[in-house]
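This report refers to the structure that appears directly beneath it.
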Protein chains: 2
Amino acid sequence: MAETLDQATSLRRQPKQARSQERVQQILDAAEQLFIEVGYEQTTTRAIATQAQVPVGSLYQFFPDKAALLKALAHRYFEQEYQLFVQLHAELATVPIAVYVDRMVDAFDQFAIDHPGYQAVLSQMIDLMTVADAATYNEFDPQIGLELAQFLARRNPTLAPAQCDLIATVALKTVNELLWLSLTGDRTFRQQLIAETKVLMTAYLQTYGV
Amino acid sequence: MAETLDQATSLRRQPKQARSQERVQQILDAAEQLFIEVGYEQTTTRAIATQAQVPVGSLYQFFPDKAALLKALAHRYFEQEYQLFVQLHAELATVPIAVYVDRMVDAFDQFAIDHPGYQAVLSQMIDLMTVADAATYNEFDPQIGLELAQFLARRNPTLAPAQCDLIATVALKTVNELLWLSLTGDRTFRQQLIAETKVLMTAYLQTYGV
DNA sequence: GAATAAAAGTGAACATCGTTCATGTTCTCA
DNA sequence: TGAGAACATGAACGATGTTCACTTTTATTC
């Protein structure tokens with residue numbers, strides 16, 4: 001876990017001693033908690049340092065800037081989401097498309113519910129991306145899109161590869177957005193929106209006979 | 001135009017003299033240009049003031065803070081989009097749903113293309129909303145949603161009002177997101193995504209027999 | 001048309017932020 | 001055990017959004 005995280009977030013310095021590695025985790029935990037509580041923008045680096053019981057300087061020993069903290073946290077969630085997809089995708093290789101959609105949407109909905117920090121961290125991550133590059137975000141999402149496109153091509157061989165890519169992009173983006181919207185409402189709203197997302201996706205994919 | 005803008009953006013002070021009103025427009029124009037060129041975050045209030053050839057203080061005479069400038073600009077676009085919807089919606093009251101979707105999607109796509117500042121301002125606006133309230137954004141979008149829901153109920157009277165609201169919400173959110181995504185790519189990508197958006201929406205709405 | 005009040009204009013100064021870096025401390029290993 | 005590498009520290013820096021005491025311009029009154 002540690003190695004994967006380090007590689008992806010380009011830590012300013014590799015923590016070689018156990019003491020430093022603990023600090024990195026302390027800082028990340030403190031940052032996540034504060035991002036959830038008061039949001040990314042409102043969280044000062046000094047507050048993160050205080051919460052993690054380290055001086056500000058230690059923060060910049062390992063992370064190049066404040067945004068790197070958010071990226072590191074987002075990376076953790078993307079990684080988990082990708083694992084979730086891979087596992088479920090294998091299980092649902094041959095089921096009808098309606099069942100595939102049903103199970104997938106439910107799984108990702110449940111993931112967001114199970115991880116309290118997901119919404120707070122990701123929403124701030126999206127904000128950051130419009131300003132800066134989308135490197136971190138585009139690390140796992142296109143991977144899912146690629147596998148989804150291959151899945152569609154296997155289901156309906158008459159579809160051109162380019163078209164499969166496009167359909168996968170549309171499907172992913174749409175489900176992402178609607179699940180995201182569902183998180184902003186109460187339980188009833190979320191369940192209704194989940195159901196509606198399934199209707200939408202199933203109708204769309206059945207158009208292509210997959 | 002001026003009155004509508006003033007009401008919605010809660011200017012700190014109403015510009016009563018012609019001189020001030022000109023200044024407000026100068027400031028807004030300068031802000032929009034800089035937001036497009038270097039982005040909202042990277043644009044300093046001093047830069048806006050310099051560009052508009054006014055001192056920083058004058059900025060805060062009319063706008064409570066930097067975000068108010070972005071909101072005022074976003075409001076202008078929302079207002080124009082709503083007008084566009086109302087007009088087209090009236091024209092398409094009785095056409096088949098596939099035609100309705102086709103014309104609507106094309107119109108909003110064209111709007112984004114015709115207004116160079118739209119993407120820059122709105123993307124920053126979206127960022128701002130996750131941090132602050134969504135008051136400005138929710139000013140016109142739900143209005144469109146409401147009319148869309150009534151439209152669905154008229155097309156298929158067997159649908160419950162609550163379900164019409166839900167369908168309208170899903171449709172709006174989805175089209176919004178996909179059109180937004182289409183702006184990030186080149187001409188070919190945009191055209192393909194526009195076409196795909198129509199397929200998705202038509203398939204979805206035909207499910208409900210509207 | 002001069003005097004007074006009200007509105008508008010101004011920019012140096014303030015508070016706070018993200019970040020740095022010179023200096024002190026702790027750990028590693030021959 | 002001691003020299004060098006890794007790590008820790010927080011005062012200081014530059015930049016930002018914002019304010020407010022002060023000046024200038026416009027409106028009103030006699």
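Residue numbers start from 1 in every chain, and the chains themselves are labelled A, B, ... in the order their sequence lines are given, proteins ahead of strands.
- When distances are taken from the side chain of A:D65 to each of C:dT19, C:dA8, C:dC17, the shortest belongs to C:dT19.
- For the contact set between residues 45-57 of chain B and DNA chain C, defined by any heavy atom under 4.0 Å, the members are B:R46, B:P55, B:G57.
- In this structure, A:Q42 places its CD atom 12 Å from C1' of C:dT16, rounding to the nearest Å.
- Residue B:S58 places none of its side-chain N or O atoms closer than 4.0 Å to OP1 or OP2 of C:dG9.
- Taking atom CG of residue B:L69 and atom C1' of nucleotide D:dT18, one finds them 13 Å apart after rounding to whole Å.
- Taking atom CG of A:L59 as the reference point, atom P of C:dT19 lies 9 Å away to the nearest angstrom.
- Partners of B:E91 under the side chain to side chain contact (heavy atoms under 4.5 Å, CB included) rule, at least two apart in sequence or in another chain, are B:Q87, B:L88, B:R103.
- Cation-pi geometry between A:K71 and A:F63 is not met at under 6.0 angstrom from the ring centre and within 45 degrees of the axis.
- Atom CD1 of A:I27 and atom C1' of D:dA8 are 11 Å apart (whole Å).
- The CZ-P distance, from A:F62 to D:dT9, rounds to 10 Å in whole Å.
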Can I get a per-line list of side-chain donor-acceptor pairs under 3.5 Å for residues 44-58 of chain A, giving both atom names and the distance, sequence neighbours left out?
residue: A:T44; atom: OG1; partner: A:A47; partner atom: N; Å: 3.0
residue: A:T50; atom: OG1; partner: A:R46; partner atom: O; Å: 2.8
residue: A:Q51; atom: NE2; partner: A:Q33; partner atom: OE1; Å: 3.2
residue: A:S58; atom: OG; partner: A:R23; partner atom: NH1; Å: 2.8

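- Going from atom CZ of B:F63 over to atom C1' of D:dT19 covers 18 Å, rounded to whole Å.
- Rounding to whole angstrom units, NZ of residue A:K66 and P of C:dT16 are separated by 16 Å.
- Not counting sequence neighbours, the partners of B:Q192 by the side chain to side chain contact (heavy atoms under 4.5 Å, CB included) test are A:L166, B:T188.
- Evaluation of atom-type donor-acceptor distances gives a pair under 3.5 Å for the side chain of A:Q61 against the base of D:dA8.
- Listed by chain and number, the residues in a ring pair (Phe, Tyr, Trp, His ring centres under 6.0 Å) with B:F108 amount to none (sequence neighbours excluded).
- Counting only N and O atoms by type, the side chains of A:Y204 and B:E196 include a donor and acceptor under 3.5 Å apart.
- Atom pair A:E41:CD and C:dT16:P shows a separation of 18 Å (rounding to whole Å applied).
- Taking 4.0 angstrom as the limit, B:Y60 places none of its side-chain polar atoms (N or O) nearer than this to OP1 or OP2 of D:dT19.
- For B:D29, the salt bridge (charged side-chain N to carboxylate O under 4.0 Å, His left out) test picks out no residue, with sequence neighbours left out.
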